[in-house]
Amino acid sequence: MFKKVLVANRGEIAARVIRTCRRLGIQTVAIYSEADAASLHVKWADEAYLIGKPRVSESYLNIEKIIEIAKTTKAEAIHPGYGLLSENPAFARRCEEEGIVFIGPNADVIAKMGSKIESRKTMAEAGVPIVPGISFPLQNVEEAMSTAATIGYPIMLKASAGGGGIGMQIVHNEEELRKAFEGNQKRATSFFGDGAMYLEKYIQNPRHIEVQLLADRHGNYVYLWERECSIQRRHQKVIEEAPSLFLDEQTRKKMGETAIQAAKYIGYTNAGTIEFLVDEQKNFYFLEMNTRLQVEHPVTEEITGLDLVEEQLRVAAGEKLGYSQEHIQRRGHAIEVRIYAEDPKTFFPSPGAITAFQLPEGEHIRNETAVQSGMVVTPFYDPMIAKLIVKGENRKEAIDRMLQALDSYQIEGIKTNIPMLKEVLTHPAFQAGHTTTDFVNRHLSNISIKK
Ligand code: MV4
């Protein structure tokens with residue numbers, strides 16, 4: 001096992017990774033920007049290095065500076081967390097070149113899964129169900145028209161380099177397609193520097209259900225069940241839960257085995273997640289593969305009893321998984337909510353000094369955060385400042401426990417999205433499990449919440 005690991009991230013995920021390293025007796029190196037000097041992840045690390053100015057381009061994305069700190073501190077491995085450099089093939093390649101273990105899959109797999117068109121093509125070859133559509137970039141709007149005519153409207157136009165719904169648009173007919181094609185191609189080019197567009201059959205009223213998998217470097221693969229992530233606002237997950245109410249045992253098993261089939265085909269190692277679109281008839285289709293630990297991984301940990309960061313560290317250090325599929329338990333129901341420093345009316349970020357911060361405590365209540373009272377939430381980073389995860393014997397118990405925990409969540413000095421979270425959790429449609437991706441638009445009152 002590694003003696004020292006550098007955590008190339010910030011905020012709650014850096015603090016969370018450091019907590020597991022400390023439990024395993026692994027020395028930790030933190031990096032931080034001028035804006036994060038008071039962050040818990042700096043406090044909890046054995047060593048911490050100021051890496052630059054608040055802007056991520058001048059600090060957390062500085063590959064060469066991170067590599068240099070890893071070398072001078074003799075960190076054998078780097079944990080990239082999520083976001084930032086976690087799915088940057090160049091970073092993974094630089095680590096490999098310097099003999100530093102990148103805790104994740106290899107750079108080629110990261111690159112391949114980073115392109116929506118490439119990953120769609122690869123999954124089709126692997127025999128994984130993909131949404132009917134095309135897996136090559138559309139050359140022009142004429143080709144888009146002829147392709148759409150064969151697939152049949154409505155279609156979903158997508159950017160290969162896309163993410164968060166950018167460059168994506170539902171198109172109902174040729175007229176709309178002509179306008180949509182150029183517009184989204186321009187948006188994708190300006191956002192991602194890559195305007196490659198493709199299209200798929202539009203899946204009506206889908207759910208976003210993703211499967212967590214783990215693969216070691218000795219050919220062992222397991223799936224750690226699914227996460228239901230359909231409650232999203234502007235393509236940002238807000239509430240995640242495990243397991244999904246919507247799946248029956250047969251579909252659950254089929255999705256897990258399909259995720260393993262995909263991982264085997266691409267030679268995946270370490271923790272990964274395959275996102276599926278699931279339609280009303282429980283047909284599931286590959287959406288994308290995330291080659292990093294995800295924000296919502298704690299709900300999987302709560303129902304399996306595994307510590308996914310520990311599993312990542314062990315796999316990266318060359319250990320075998322030490323268990324097989326039949327040993328993976330699934331007990332209870334877990335829900336995670338993301339606490340955003342946002343104005344609940346406008347949903348604009350609400351930076352400022354946190355003057356009071358009291359976390360809910362109790363059995364089966366878990367907090368993940370790096371903020372503490374007196375810290376200033378700055379506009380430089382993602383406004384998510386904490387996650388609250390609860391577990392219950394069943395979904396109803398988990399919902400009730402979450403509502404109690406949110407009631408005792410005390411945070412002053414900034415505004416948060418807690419009122420919206422309560423509105424979702426108390427909504428009869430949510431409690432009945434009608435969690436499809438249009439939930440927020442269909443059921444919530446505050447119009448600014450909508451697209
Ligand atoms: C789709 C879709 C319907 N049909 N693709 C892809 C990126 C993800 N953030 C949203 N995506 C969707 N792709 C086809 N062919 C509907 C969505 C979608 C969605 C999917 C999951 C969770 C929330 C969503 C919100 C809007 C649209």
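Just so you know, ligand 1 is whichever comes first in the structure, and atom 1 is the first atom listed for that ligand. The shown structure was predicted, so the numbers you read here are calculated from the model rather than taken from an experiment.
- Note that R292 lies outside the cation-pi zone of Y82, set by a 6.0 Å cut-off to the ring centre and a 45° limit from the axis.
- For the side chain to side chain contact (heavy atoms under 4.5 Å, CB included) test with L40, the passing option among M375, R19, Q372 is Q372; the others fail.
- A salt bridge links E296 and R338; the closest N-O separation between the charged side-chain nitrogens and carboxylate oxygens is under 4.0 Å.
- D216 has no carboxylate O lying under 4.0 Å from a charged side-chain N of R314, or vice versa, which leaves the two without a salt bridge.
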For this session: Could you go through the side chain to side chain donor-acceptor pair (under 3.5 Å) check for Q312 and H79 one step at a time?
Result: CA-CA 9 Å; Q312 285 190 292; H79 194 298; 2.7 Å; yes
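- For ligand 1, the atoms closer than 4.0 angstrom to any heavy atom of P206 are 16 (C).
- E118 pairs in a salt bridge (charged side-chain N to carboxylate O under 4.0 Å, His left out) with only one of the listed residues (K116, R120, K121), which is K121.
- Set against the non-hydrogen atoms of E200, the atoms of ligand 1 under 4.0 Å away are 5 (N), 14 (C), 15 (N).
- Ligand 1 lies less than 4.0 angstrom from a heavy atom belonging to K158.
- At a heavy-atom distance under 4.0 Å, no atom of R207 approaches ligand 1.
- In the model, Q404 has no side-chain atom that pairs as donor or acceptor with a side-chain atom of Y409 under 3.5 Å.
- Neither the backbone nor the side chain of C229 has any atom closer than 4.0 Å to an atom of ligand 1 (non-hydrogen atoms only).
- Using a 4.0 Å cut-off between charged side-chain N and carboxylate O, K253 and E257 make a salt bridge.
- Distances shorter than 4.0 angstrom do not occur between any heavy atom of S230 and any atom of ligand 1.
- A donor-acceptor pair shorter than 3.5 Å cannot be found between the side chains of S350 and D343.
- Of the heavy atoms in L287, only side-chain atoms (C-beta onward) come closer than 4.0 Å to ligand 1.
- Of the polar atoms of T437, none of the N or O atoms is found under 3.5 Å from an N or O of ligand 1, judged by distance alone.
- Less than 4.0 angstrom separates some heavy atom of Q232 from each of these atoms of ligand 1: 22 (C), 23 (C).
- At least one N or O atom of H235, backbone or side chain, sits closer than 3.5 Å to an N or O atom of ligand 1.
- Applying the 4.0 Å criterion to heavy atoms of V131 picks out, from ligand 1, the atoms 15 (N).
- For ligand 1, the atoms lying closer than 4.0 Å to a non-hydrogen atom of K201 are 4 (N), 14 (C), 15 (N).
- Using a 4.0 Å cut-off between heavy atoms, L277 contacts ligand 1 through its side chain alone, with no backbone atom that close.
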